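All of these numbers come straight from a predicted model, not from anything done at the bench. Per chain, numbering begins at 1; letters A, B, ... match sequence-line order.
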Amino acid sequence: MIIPVRCFTCGKLIGDRWEEFARRIRTGENASDILDSLGIKRYCCRRMILSNVEIIDEILRFYEEAEKRREARNMY
Amino acid sequence: MKIEVLEKDETNLRLSIKEADVPLMNALRRIALAEVPSMAIDEVVMIENSSILQDEMIAHRLGLTPLKTDLDGYNLPEECKCQSEFGCSLCRVTLTMDADSTEGTRTVYSGELVSENPQIIPVSDKVPLLKLAKGQKLKLEAYARLGKGKNHAKWQPVSVCAYKYFPKIELLSEQCKDCAKCVDICPKKVLAMKENKVEVRDLLACNLCMDCVDACPQKPSAIKVEWEKDAFIMNIESSGALPPERIIQEATKILDKQLKEFEEQLKVGVK
């Protein structure tokens, strides 16, 4: 759904590194290098970031569309 | 006992501890994990939540966000003089959040939590807590209190607290044919080739897996991996709530307190 705050296994805080990872992976950087430079060493924490899919973005689209329709209705 | 700091930064501490024993090291490790208190959000009052995440999910995410902890200024709720269900200013911190989205979808970060005590704030203000679409609102009041790792993992001040034996690697140079098989197989890259000779590059990284001993074609093996019976390497990685050296100091204090209590009870019991 959305990036977990902490690693499921060891409890390290990883949520705050997600956005930088997502931004840098879009520029085509190597995932392993990004994780190393973010200081995520253990494979339990690395999989948290590597395997995350932000499904919340997909769900939010429905609400964005609904809002747009509501606005369009109010205009007339 | 001799303690030497091998590595230290804001969240990590690596110690070499000599002339100690396993029971002591393990007691300290277990106390650091389960008994050292830290601050975390425990109760959340939702005033308004029109986001797409349920109240419970937001509360859970808030709870897991590590908070900077002031151990001297606050009491554990069960030890506080107030004995109140709701807590008092000595055992509770109120944090509030009022977020809405007026222009498009946006992410709400932990930095938007407003604390009544500017010392008790999230460790990182960049943790994404939820996302709001245009027109959605979130308003809440959260109560943070001290707690122990044995009650919930959110109160654990460490993410890693582990120790291992201090390694001892011996290269028997007269038997070694410098085939470099041990260098290639080592998962931690402890060994290296220097001028066609095997040498120990990073002794502390060795995790005593013995792969190098098995890989050696010489019989008996030309490399000997052992460990010191009374020396350890301890690794403490803090969640950011407390500095790692403070965590281990608190662990020793708690162990001391528990032993004193045990002694007193024993005296009462055998009288």
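Here the side chains of B:L113 and B:I41 are in contact, with some heavy-atom distance below 4.5 Å.
Residues of residues 152-160 of chain B that come within less than 4.5 angstrom of chain A, heavy atom to heavy atom, are B:A153, B:K154, B:Q156, B:S159, B:V160 in numerical order. Residues of residues 138-149 of chain B lying under 4.5 angstrom from chain A, judged on non-hydrogen atoms, do not exist.
Residues A:A31 and A:L50 share a closest heavy-atom pair of CB-CD2, 3.9 Å. The two residues B:V225 and B:M210 come nearest to each other via the heavy atoms O-CE, 3.3 Å.
One finds a salt bridge joining B:E245 and B:K8 here, because a Lys/Arg side-chain nitrogen approaches an Asp/Glu carboxylate oxygen to under 4.0 Å. Between B:K150 and B:E35 there is a salt bridge, since a side-chain N of the basic residue sits under 4.0 Å from a carboxylate O of the acidic one. Of the charged side-chain nitrogens involved, none lies within less than 4.0 Å of a carboxylate oxygen, so that A:R61 and A:E64 do not count as a salt-bridged pair. With respect to B:D72 and B:R246, a salt bridge is recorded, a charged nitrogen being found less than 4.0 Å from a carboxylate O.
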Give the C-alpha distance, both sets of side-chain angles, the deciding distance and a yes or no for salt bridge (charged side-chain N to carboxylate O under 4.0 Å, His left out) between B:E250 and B:K253.
CA-CA 5 Å; B:E250 287 298 319; B:K253 266 187 224 161; 3.4 Å; yes

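Most heavy-atom pairs under 4.5 Å with chain B, from the set A:L13, A:I59, A:I14: that is A:L13. For the options A:E67, A:K12, A:R6, heavy-atom pairs under 4.5 Å to chain B are most numerous at A:R6. Residue with the most contacts toward chain A among B:A133, B:S239, B:P66: B:P66 (heavy-atom pairs, distance under 4.5 Å).
For the atom pair CG of B:L15 and CD1 of B:I248, the computed distance is 7.0 Å after rounding to the nearest 0.5 Å.
Taking a 6.0 Å sphere around CD of B:E78, one finds it holds more than 12 heavy atoms contributed by other residues, nucleotides or ligands.
Side-chain contact of B:N49 with B:S51: a donor-acceptor pair under 3.5 Å is present, judged by distance alone. Defined by atom type and a distance below 3.5 Å, a donor-acceptor pair is present between the side-chain atoms of A:R24 and A:S37.
Interface remark: A:E65 contributes no atoms to any contact with chain B (heavy atom separation under 4.5 Å). In this structure, no portion of B:T11 lies under 4.5 Å from any heavy atom of chain A. Of the two parts of A:E19, only the side chain, counted from C-beta on, holds a non-hydrogen atom closer than 4.5 Å to a non-hydrogen atom of chain B. Using a 4.5 Å cut-off between heavy atoms, A:R42 touches chain B through its side chain atoms alone.
Between B:Y165 and B:W227, the angle of the ring planes stays under 30°, which puts this pair in the parallel group of the 30/60° scheme.
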